[in-house]
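In what follows, every chain begins at residue 1, and chains take the letters A, B, ... in the order their sequences are listed.
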2 protein chains.
Amino acid sequence: MSTPQPLLILTPDDLLATRWQALSSSPIRALDIEGLDTWRKAGHRLVVIDLGNRPAGASPVWTHRAWQENAAGLAILATSSRPDDEEGLAVLNAGASGYCHSHAPVDSLRQALDVIDSGELWVGRALLSRLLRLVDSRLPRAGLADWARPLTEREREVAHHAAVGESNVAIADALGITERTVKAHLKAVFEKLEVADRLQLALRVHGVR
Amino acid sequence: MSTPQPLLILTPDDLLATRWQALSSSPIRALDIEGLDTWRKAGHRLVVIDLGNRPAGASPVWTHRAWQENAAGLAILATSSRPDDEEGLAVLNAGASGYCHSHAPVDSLRQALDVIDSGELWVGRALLSRLLRLVDSRLPRAGLADWARPLTEREREVAHHAAVGESNVAIADALGITERTVKAHLKAVFEKLEVADRLQLALRVHGVR
DNA sequence: GACGCCATTGTCCACAAGGACAGGTCGCGT
DNA sequence: ACGCGACCTGTCCTTGTGGACAATGGCGTC
């Protein structure tokens, strides 16, 4: 670990404040967002902000003026006692450099701070791996899509039409064949892809889950 | 930094091998993928694998048997001399714990190794922020998904169940209500979201086009 | 030529889905 | 007290879907 940098900690939670004293001898304050301003002007970078259990209606802390104006000049590690993907994405996109669990071991926090202090971003394993899977499944994969490989050319066409919600008759019209034939192709598709119906097929084709 | 762990370095590049000697006194080998097996069996975890400039036609190193079988038990930091997002995603999805530039400062590498050794994932700022932006732009915005806003709480539940392919009866069972009621809720959902059937609903819910 | 795969179509049938009428209770605000 | 919205349930009925029997012709391989 490099030499410890001055660290501003913002949390409304007394337990966390106590717990985090080991991280720094620097100021610990209640969630005083305006304090970001003076902290940055003093030439410091590192901040830990505990998002805590935000009340449902309240506007998130990262929409506050003080956050918006200072995030770029600071390295903010946001912590949440109930982390979820949406919140993580939102806070990172709002300029935070890291997002992790409020009750993570102090050693983990120290590591995260070390990382964001060096200019990198910190995203916990859980959120990150979900991000990766999400992007991986949504990105147009190279070559033939995974689902299409076991299918014949005609089956691919039918499957694609079905996967965007067209009815059997509509597909038959579009391809200039009988509805019966569409059913035959779809039956083959269902078997090959091991799905029960056209909805499952649609989900598979569009890479859901 | 915690106490340095034994580190296996695999690279075909002599310059990199020299440069990375500072990281570890442990073995440095040419790209001998089979070595992963013995390394893991010896009880070690940390590995750096330089992907180098893969020739266009060659099958990526992460498709090899030795990689597939050992990735889960190891913490692999993959480095590339010409990193690109596709490669990064592929290698991370193949079980690597980190991905960064081959010529990154040795201090950065050390930090990355420290992170992956503690069980986390390491993704460099560039790739990570691109990931975030990508996901952010593709994910239906806002805490409440766009489609859910006009719906009542119950309608949301039913819609969600239907959107993952459950039948009306299954939904009824899951929610402890009658199939008839499920239909009623779905009818309302279809009208409010202006979709014709549950398949269109599923596509809308999962943000397809 | 026989065999297999593909594309095509046929009929019959069971069932899920969705629309069109109905109704009912409960809680909340005016 | 009254209206309104959310939630719940009922009975028809039409249509779409998918499975279970089929069959035919083309085309490539052994």
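- Under a 3.5 Å cut-off, the side chain of A:T178 and the backbone N or O of A:R180 do not form any donor-acceptor pair.
- A:R154 places its CZ atom 10 Å from the C1' atom of C:dT8, with the value rounded to the nearest Å.
- Put simply, CG on A:L175 is 12 Å from C1' on C:dA7, counting in whole angstrom units.
- Within 4.0 Å (heavy atoms only), B:T178 reaches sugar-phosphate atoms of the nucleic acid but no base atom.
- Axis deviation across the helix from C:dG1-D:dC30 to C:dT30-D:dA1 amounts to 30°, comparing end segments of five pairs, rounded to 10 degrees.
- By the salt bridge (Lys or Arg N to Asp or Glu O under 4.0 Å) test, B:D173 is found to be paired with no residue, residues two or more places apart in sequence or in another chain being considered.
- Judged as a salt bridge (Lys or Arg N to Asp or Glu O under 4.0 Å), and not counting sequence neighbours, the contacts of B:E155 are B:K192.
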| remark: Going 5' to 3' through nucleotides 17-30 of chain D and flagging B where a protein heavy-atom sits under 4.0 Å of the base, S where only the sugar-phosphate is that close, and - otherwise, we get BBSBB---------
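- Residues satisfying the salt bridge (Lys or Arg N to Asp or Glu O under 4.0 Å) test with B:E157, not counting sequence neighbours, are B:R154.
- Within the 3.5 Å criterion, the main-chain N or O of A:A202 finds a donor-acceptor partner in the side chain of A:H206.
- Residue B:H185 places no side-chain N or O under 4.0 Å from the OP1 or OP2 atom of D:dC7.
- Electrostatic pairing of B:E69 and B:R40 does not count as a salt bridge here, judged by no charged N lying under 4.0 Å from a carboxylate O.
- Salt bridge status for A:D114 with A:R110: absent, with no side-chain N to carboxylate O gap under 4.0 Å.
- Residues satisfying the side chain to side chain donor-acceptor pair (under 3.5 Å) criterion with A:S108, sequence neighbours excluded, are absent altogether.
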